[in-house]
Amino acid sequence: MEAKPRERTFIMVKPDGVQRGLIGPIITRFENRGFKMVALKLMSPKKDMLLEHYEDLKDRPFFSELVTYMHSGPVVPMVWEGEDVVKISRQMLGATNPADSKPGTIRGDFSIDISRNVIHGSDSVEAADKEISIWFAEQEIVNWRSIDEDWIYE
Ligand code: UDP
Ligand code: MG
């Protein structure tokens, strides 16, 4: 059954997260919170996708290392849907630098180094729209109704 889409965000397990077997634990956190997955794939990202994805950071000193890291193995891009999903998922990720990420957050539980922080999440609804369009074709996003929704939302 189709449902009216709620807010969407773009989440990606980075190459270190894939290599370290964290795809499952990360997905579980989003499922447990009550968010709905509407797109998912495993892929080796093309460099031009990464350049577009991180376009805003191109003048930062760490940019070329960031692109090399993100290009070093497969990633798992995803789209998750739910009320306030952009803000809540940023909280679930924790601070960019794992040294500042609280225990209980994904980065705070699974990482140490800012340049190996296992997961990406959009920082605004506008960024989410842009990132979703970089990583997914419209037909790869599935509009479906979860039976949980009547119990997750009033
Ligand atoms: N990054 C890094 N060194 C830094 C800052 C950022 O390697 O000093 C990397 C890190 O992987 C981070 C990504 O660049 O997740 C994007 O940076 P941003 O500031 O957008 O952080 P995020 O939105 O991922 O928390
Ligand atoms: Mg960012």
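Just follow the structure's listing: the first ligand is 1, and inside any ligand the first atom is 1. Note that the structure is predicted; figures quoted are calculated from it, not measured.
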Can R6 and E83 be counted as an ion pair, charged N to O under 4.0 angstrom?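 E83 and R6: salt-bridged.
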Do the charged groups of K36 and E149 touch, with an N to O distance under 4.0 Å?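 Here K36 pairs with E149 in a salt bridge, since their nearest N and O are under 4.0 Å apart.
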Strictly distance-based, threshold 3.5 Å: is any side-chain N or O of R20 a donor or acceptor partner for the main-chain N or O of F110?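 Flag set: sc R20 to bb F110 pair under 3.5 Å.
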On the six-membered ring of Y69, is K14 placed so that its NZ or CZ lies under 6.0 angstrom from the centre and within 45° of the ring axis?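 Checked: cation-pi criterion not met.
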Do the side chains of E81 and W144 get nearer than 4.5 Å, heavy atoms only?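 They are not in contact (no side-chain heavy atoms under 4.5 Å apart), so the answer is no.
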Partner set under ring-ring contact (aromatic ring centres under 6.0 Å, His included) for F30, not counting sequence neighbours: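 If we apply the ring-ring contact (aromatic ring centres under 6.0 Å, His included) test to F30, skipping adjacent residues, the hits are W80.
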Show me, by chain and number, every protein residue that has a heavy-atom distance under 4.0 Å to ligand 1.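 K14, Y54, L57, F62, L66, R90, T96, R107, I114, S115, N117.
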